[in-house]
Amino acid sequence: MTATNLQRLARDHLWMHFTRMGGYGAGSDVPIIVRGDGCYLWDENGKRYLDALAGLFSVNIGYGFGEEVGQAALDQMRELPFYTNWSYAHPKAIELAAEVASLAPGDLNRVFFVSGGSEAVESAWKLARQYYAARGEKRTRAALGEPERSHDAIVEASRRGPHPYKAIARHIAYHGTTMGALSINGIPALRTMFEPLVPEVRHVHNTNRYHRPADETEAEFTRFLLDDLEQAILAMGPETVCLVHMEPVQNAGGCFTPPEGYWAGVRALCDEYDILLSADEVITAFGRLGHWFGSERYDIRPDIVTSAKGLSSSYGAIGAVIATDRVMEPFLESTSMYAHGVTFGGHPVMCAIALKNIEIMKREGIVEHVRDTQDVFRAKLETLLDLDIVGDVRGTGFFYAVELVKDKETRATFDDDECESLLRGFLSPALFDAGLICRQDDRGDPVVQISPPLVAGEAEMDEIVGTLGAVLAEASQRMTS
Ligand SMILES: Cc1ncc(COP(=O)(O)O)c(C=O)c1O
């Protein structure tokens, strides 16, 4: 199909996600990416781009393993193109569950497959709700004189009274778009138009330290965050809260890393108030932070982990909810069952792709590569702090954000109109023209997000910093002139 034809068909028929479709009238081309290799992408006109966003924080092995992963998919297609995980198992789902459990820290031993990140988050919240319904029933079993926890008994127990159903997440955090996941989202602009949302979620402070008082110590910041979380739990009623759901490093708002002692404190509060702690590792799992799981990096000890993206390096549509033995325990009774499922959960071809992805990551030493070179990458990015417009560079592993400021001294940020003209009016098109794909985001304060494939080497790091630096220097001039 010719380039012109594709443009016309895209304009007439394709509805792109989170895209201002009205922006693609005559004279403004839809960006059509046709090929990828390593960290690079090519558009329909043959122009090359360095993908410093790894698709959507997700193509961890880069774009160069299509043949090998494709062969694994083809082999599986030939053998068994589809079968379900509803009451049945098949070899690839079993092998992948065992592989993921072996990579996950602690006793995160049980793996429930879904099709992506939103479904994983949705499933985690439902799992937490049903966990307490099942366990609550267990507490009262003796009193009720019931011989065992049947599924019907759990349903009945849920009807009898409000078992814990509320969730807590953090401001500005992104956790997906389906109604449950959206409700957990802490981004007002994404939530408001879909209200009323699923009851009931409260959002607590995230770990953005850049805009905290300059004289606040790290220990004071941690205390402030944990007090805020505890206040939210108490205000909601600890007996009604089933889930605390947070990313090891929060993406939206720009790579908010946790201060010292934060995760130990969150874990302790969850233990104290008997709430399940869920680590949203849709981005951070499978190497992005230099570990297989971010939970390992920060010793989070979650009860539940949600993952997707890097599980298959996005070569296939697969996600997973991973639960500890404790969370699984009430579901192992003879007639008990997690009342949840999706047709494509554990799709054999997706599982074969994910298994091959993990095999490649191990063989190529990709997680070790991130761990070994993250400091080099960070040091290169920090040279951008020489620019007036760059206030902060933060992150870890291959996961960074550069915060843009109007005034470096006061850390004053841009207003909405300035953000619109800076990010969408100038930066987005300028970076794209310069052949660099990264994300300009103002869901919190304006940031540029950098999260390349985990195979990026020093040459790619230099290209990212060089191109970004040149474009930001021009942005700086424009915003001050
Ligand atoms: C932390 C986090 N959770 C959940 C999601 C939703 O994943 P998906 O887009 O696969 O539904 C995302 C997507 O970016 C994410 O970053």
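Start at 1 and go down the list; that is how both ligands and their atoms are numbered. Computed over heavy atoms, backbone and side chain alike; hydrogens, waters and symmetry mates excluded. Bear in mind that the values here come from a model prediction, so they are computed numbers and not experimental data.
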**Prompt:** If you round to the nearest 0.5 Å, how far is CG of Asn85 from CZ of Phe113?
**Reply:** 7.5 Å
**Complete:** Less than 4.0 Å from some atom of ligand 1, heavy atoms are found in residues Gly116, Gly117, Ser118, Tyr174, His175, Gly176, Glu247, Asp280, Val282, Ile283, Lys309
**Prompt:** So with a 6.0 Å cut-off around CD of Glu260, is the heavy-atom count from everything else above 12?
**Reply:** no
**Request:** Using the test side chain to side chain contact (heavy atoms under 4.5 Å, CB included), find all partners of Met16 that sit at least two apart in sequence or belong to another chain.
**Result:** Leu14, Thr19, Met21, Tyr24, Val30
**Request:** Identify the residue among Leu436, Leu381, Val393 that makes a side-chain contact (heavy atoms from CB on, under 4.5 Å) with Ile450.
**Result:** Leu381
**Message:** Set out, in order, the CA-CA distance, both residues' side-chain angles and the distance that settles salt bridge (Lys or Arg N to Asp or Glu O under 4.0 Å) for Lys356 and Asp75, then state yes or no.
**Reply:** CA-CA 12 Å; Lys356 183 55 77 176; Asp75 293 346; over 6 Å; no
**Prompt:** Between Leu277 and Cys270, what is the shortest heavy-atom contact and its length?
**Reply:** CB-SG, 3.9 Å
